[in-house]
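These values consider heavy atoms only, across backbone and side chains, with no hydrogens, waters or symmetry-generated copies. Every chain is numbered from 1 and lettered A, B, ... according to where its sequence line falls, protein lines coming before strand lines.
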Amino acid sequence: MKRAGFANPWLPVLLLLPQLTIICLFFYWPAWQAVRSSFFLEDPFGFGETFVGLQNYTRLLDSTQYMKNAWFTLWFSAVVTALSLGIALLLAVKADSVLRGARTYRTLLMWVYAVAPPVAGFIALIVFNQRWGPLTEFFAQFGWEIRIRLEYFDTAFAMIVASVWKQVPVNFIFFLSGLQSIPPAVREAAMIDNRSAVSRFWTVTFPLLAPTGFFLLIINITYSLFDTFGMIDTILRNNPGDQPVTLVYQVYLDGFRGQDIGGSSAQSVVLMVLVLALTVFQFRLVERRIHYT
Amino acid sequence: MARVALDRVRKVYRNGFEAVKPASFEIADGEFLVLVGPSGCGKSTLLRMVAGLEDITEGSLSINGREVNGVDPAERDIAMVFQNYALYPHMTVRRNIAYGLKNRGMAKDRIAAKVQEAARMLNLTEHLDRKPSQLSGGQRQRVAMGRAIVRDPALFLFDEPLSNLDAKLRNQMRIEVKALQRRLGVTSIYVTHDQVEAMTMADRIIVLNAGRIEQIGTPSEIYHSPASVFVASFMGAPPMNLMRGAIETGAVRLSDGTALMQAPAGRGGAVTLGIRPEDVHVGEGPADFDVALVEELGAHRLLHGEVAGQPFTAHVLKDSPLGPGRHRIGLPAGALSLFDPDTGVRL
Ligand SMILES: Nc1ncnc2c1ncn2[C@@H]1O[C@H](COP(=O)(O)OP(=O)(O)O)[C@@H](O)[C@H]1O
Ligand SMILES: [Mg+2]
């Protein structure tokens, strides 16, 4: 490999400086602060701090509220990711057979993606409005009276619906372009080799979509864990009570509302480790295994 | 093994474009039929209708006497080799070849044996566990062939299978494909835009032009008595010389009046004259040939110039002393083709 050289060894450093500054200022420094304060108990009025070791962490494990929300987050993420990917894939497969390369549709569908999370939450509040929300009325026909922000399950349901609704278009676009990049002749060869369309999908189309799918899997998990914050906040109207919240929302509650800096920092560190694990998973497993061309 | 019959098969695409005009022909058992024509003339469309990948707008297609218009591609007992090979990129060579057998419920050990046999026949044995991306173009081509032959189909369909290979490999594969087809005796339809491939491989050729069949015949018939000006100029390199001429006072004449042969009965007026470059006698005869350029091809030479003010090419042996300048030429009556100047149809 050819190595390009700089006449002045400080030039590359200088060029990187703005980026490095931003990363340090807004990422490494806060991350370090979180790790540090997770080992301290801070006086809520700012009068000093005490080193408490792992106590902030053990407190999390002992807290039924935290464990309950951790479980909720796990389920919420799994359900939102599975539904967002599943529905999008289904729609993309159906659309692919009809719209070969119709770009305008795709752009229109993409608009939902541009909806800000709090707005998605607001829309959820409208469609699930207890008195006149269309979805509330719809489910009332089946004898299910939805009462969001009062019933734990109903609130979770509304959160999932709003999150999935907002994420499906993104996944759809990616799946659709993934499908459309499969050479038509490959599918035709499969039509001659295999008469069952379902089996063709699982043995040819789906494996060829795997790179797109794994990429989206990571994106969707990250989305359901972190980007749903604004939507949840809007649905709960800043007043969670005993309603379900995700771990990210819990960090905000304990840190900013409860003034428990140490505990909230420990929770942030847990989330950071989670993101790190996801990243490692993505690079190690996905990038190595799912690679064709 | 199969006989294939097309009866007024027509294709109109959804946008209203008629890609194949009503076409009727039959393919005998074990025959190697080549569909040839310029790009966009409807060759692939016709082949894909036979495969079942494209609906037949009108007409009837039958294989072994059974009409198969509505039959699923997987049930037509055909195998197809595509231009870009269309291998499954996520499967190894072994799984690529086995895929069609597995889906037909063949037993595992029989599949393994068949894959081994095909791989041996095609020199792929060492590559069975590779992915298509790790193979060269020629090897991918072989895998595509392997995928077709393990199936023991009644009919092979080839859509320009060699056009992505370089010239040398293409010549070699041309011979291999033809030899393989001979050995297996499977009825085949082979689509190409390359007239050399058509001439060398075919038992019979169908020349297509703008969705219409121009001529059906053996390579020799197509070459020596082209049914139209289109066939005359499409088949053969260099193509047949075509010149304006006329039938006047009992003789076929060049546009400068030179008489070439006795006029056929009941004909008069303008005609298009055609003659293959190698049928021209250079050195003596009634016409003048103004040679401007000599093209050296090693085995022989081509003289390019004008006859009666129209472009003309003649073929001479490699030791011919003739160079640029004016030469006498003879155009033997037996080698001349006459076409209607308006319709292009052979007279
Ligand atoms: N799906 C389609 N819709 C409309 N026209 C098509 C379609 N597919 C092919 N054509 C047209 O039909 C003609 C024949 O195409 P094709 O059979 O692929 O030609 P060839 O294989 O001889 O190059 C072309 O003019 C092409 O543009
Ligand atoms: Mg074609």
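- Neither the backbone nor the side chain of B:R76 comes within contact range of chain A, judged by heavy atoms closer than 4.5 Å.
- Note: A:E188 leads A:E188, A:R200, A:M191 in heavy-atom pairs under 4.5 Å with chain B.
- One side chain, B:Y190 or B:E197, offers a donor N or O that lies under 3.5 Å from an acceptor on the other.
- Aromatic ring orientation, A:F142 versus A:F138: perpendicular (interplanar angle above 60°, classes split at 30° and 60°).
- Contact of B:N84 with chain A is not made at all, since no heavy-atom distance falls under 4.5 Å.
- Proximity to chain A (any heavy atom under 4.5 Å) is restricted, for B:L87, to the backbone atoms N, CA, C and O.
- For A:D96 and A:R187, the salt-bridge test passes: some basic side-chain N is under 4.0 Å from an acidic carboxylate O.
- Counting heavy-atom pairs closer than 4.5 Å to chain A, the top-ranked of the candidates B:N103, B:V81, B:D72 is B:N103.
- The parts of A:T203 that come within reach of chain B are both its backbone and its side chain, each placing non-hydrogen atoms under 4.5 angstrom from that chain.
- Looking only at atom types and distance, the side chain of A:S84 has no donor-acceptor partner in the side chain of A:Q167 under 3.5 Å away.
- The candidate with the highest count of non-hydrogen atom pairs below 4.5 Å against chain A, out of B:G52, B:A74, B:A79, B:P73, is B:A74.
- Per-residue heavy-atom pair counts under 4.5 Å with chain A were compared for B:R104, B:M80, B:Q83, B:E75, and the maximum is reached by B:E75.
- The 12-atom threshold is not exceeded at OH of A:Y28, counting heavy atoms of other residues, nucleotides or ligands nearer than 6.0 Å.
- Test B:R142, B:Q141, B:Q181 against B:E176 for side chain to side chain donor-acceptor pair (under 3.5 Å) and you get one pass: B:R142.
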